[in-house]
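Just below is one structure, and these are the notes that go with it.
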Amino acid sequence: MSVLVNFLIGFFILAGALLCLIATFGVIRLPDVYTRNHAASKAATLGVMFILLGTFIYFYALEGHVNSRILLGIVFLFMTSPISGHLINRAAYNTSVPLWDKSIRDDLKEYNKKRMKKSSVE
């Protein structure tokens with residue numbers, strides 16, 4: 001049992017570190033604010049959650065106690081990070097931060113045009 005628990009702890013912590021590394025490369029290499037923010041909010045969130053899950057398993061299995069702060073950290077991170085990433089992207093779009101030159105679609109532009117037509121008719 002201890003070998004399996006040690007394997008799970010190591011797997012979650014290494015997978016989390018790898019996802020955080022991938023998020024770092026995404027923030028450095030991606031072309032515009034929207035894709036960079038996507039990399040930061042999605043991959044880093046999952047990476048930190050894996051690290052916290054590995055830490056929680058360590059304290060529960062090997063130390064013998066449940067650490068509620070880690071569980072609250074996982075829940076808080078899961079609920080706030082994707083929402084904040086979405087709101088940052090929305091704020092960037094609404095302040096006319098340009099898309100990447102090679103972007104193919106801008107679905108929000110069409111949506112805003114339809115919404116403006118609808119509000120001008122009323």
Side-chain angles (χ1 to χ4, degrees):
M1 183 75 165
S2 179
V3 174
L4 180 64
V5 170
N6 286 337
F7 176 77
L8 280 175
I9 293 168
F11 171 76
F12 281 124
I13 291 177
L14 286 175
L18 181 66
L19 284 169
C20 288
L21 181 68
I22 291 170
T24 303
F25 287 138
V27 169
I28 293 171
R29 297 284 300 167
L30 290 173
D32 64 349
V33 68
Y34 306 105
T35 54
R36 287 178 184 162
N37 191 14
H38 179 76
S41 66
K42 302 299 185 249
T45 300
L46 192 59
V48 173
M49 284 176 56
F50 274 6
I51 291 171
L52 288 175
L53 186 61
T55 306
F56 176 77
I57 293 171
Y58 171 79
F59 281 116
Y60 181 70
L62 299 180
E63 298 291 325
H65 60 84
V66 175
N67 194 336
S68 61
R69 291 180 188 171
I70 294 175
L71 289 177
L72 287 174
I74 291 171
V75 170
F76 181 75
L77 185 71
F78 181 72
M79 294 181 71
T80 59
S81 183
I83 294 169
S84 64
H86 173 76
L87 291 176
I88 290 170
N89 273 346
R90 178 184 272 185
Y93 188 84
N94 289 335
T95 56
S96 302
V97 174
L99 293 169
W100 183 38
D101 298 344
K102 297 180 182 175
S103 293
I104 297 171
R105 286 178 26 181
D106 185 2
D107 291 338
L108 200 54
K109 185 177 182 179
E110 296 299 320
Y111 173 75
N112 285 338
K113 282 182 184 178
K114 289 178 185 177
R115 194 176 69 178
M116 291 302 231
K117 282 182 184 179
K118 196 180 264 189
S119 66
S120 65
V121 170
E122 295 173 359

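We number each residue from 1, following the sequence as shown.
With values rounded to the nearest 0.5 angstrom, Asn37 atom CG is found 5.0 Å from Ile88 atom CD1. Rounding to the nearest 0.5 angstrom, the gap separating the CD1 atom in Ile57 from the CD1 atom in Ile13 is 9.0 Å. The CD1 atom of Ile70 sits 13.5 Å away from atom OH of Tyr60, with the distance rounded to the nearest 0.5 Å. In this structure, the separation between CG on Leu71 and CZ on Arg69 is 12.5 Å, given to the nearest 0.5 Å. Rounded to the nearest 0.5 angstrom, Leu77 CG and Leu46 CG are separated by 9.5 Å. Note that the CG atom of Leu19 and the CD1 atom of Ile51 stand 8.5 Å from one another [nearest 0.5 Å].
In this structure, the ring pair (Phe, Tyr, Trp, His ring centres under 6.0 Å) partners of Phe59, at least two apart in sequence or on a different chain, are His65. Scanning for side-chain contact (heavy atoms from CB on, under 4.5 Å) contacts around Ala92 gives Val33, Tyr34, Val97, with sequence neighbours left out. Residues that satisfy the ring pair (Phe, Tyr, Trp, His ring centres under 6.0 Å) test with Phe12, not counting sequence neighbours, are Phe50. By the side chain to side chain donor-acceptor pair (under 3.5 Å) test, Asn67 is found to be paired with no residue, residues two or more places apart in sequence or in another chain being considered. For Ser41, there are no side chain to side chain donor-acceptor pair (under 3.5 Å) partners, not counting sequence neighbours. By the side chain to side chain donor-acceptor pair (under 3.5 Å) test, Tyr58 is found to be paired with Glu63, residues two or more places apart in sequence or in another chain being considered. With sequence neighbours left out, Ser84 forms a side-chain contact (heavy atoms from CB on, under 4.5 Å) with no residue at all. Applying the side chain to side chain donor-acceptor pair (under 3.5 Å) rule to Thr45 yields the partners Ser81; only residues at least two apart in sequence or on another chain are considered. In this view, Pro98 satisfies the side-chain contact (heavy atoms from CB on, under 4.5 Å) rule with no residue, not counting sequence neighbours. Qualifying side-chain contact (heavy atoms from CB on, under 4.5 Å) partners for Ala44, counting only residues two or more places apart in sequence or in other chains: Ala23.
Taking hydrophobic clusters as Ile, Leu, Val, Met, Phe, Trp and Tyr residues chained together by side-chain heavy-atom distances below 4.5 Å, Leu14 does not share a cluster with Val3. In the hydrophobic cluster analysis, where Ile, Leu, Val, Met, Phe, Trp and Tyr join through side-chain heavy atoms closer than 4.5 angstrom, Phe7 is grouped apart from Leu18.
Within the 4.5 Å cutoff, the side chain of Arg36 has no heavy atoms near those of the Asp32 side chain. The shortest distance between side-chain heavy atoms of Ile83 and Leu87 falls below 4.5 Å.
Residues Leu21 make up the rest of the hydrophobic cluster containing Phe25, defined by ILVMFWY side-chain heavy atoms closer than 4.5 Å, directly or through other members.
In terms of heavy-atom proximity, Ala40 sits nearest to Val27 at CB-CG2, 3.8 Å. Summarising the geometry of Thr95 relative to Ala91, their closest heavy-atom pair is OG1-O, 2.9 Å, with the distance given to 0.1 Å.
Pairs of residues two or more places apart, or lying in two chains, never qualify as ring pair (Phe, Tyr, Trp, His ring centres under 6.0 Å) while including a residue from residues 74-110.
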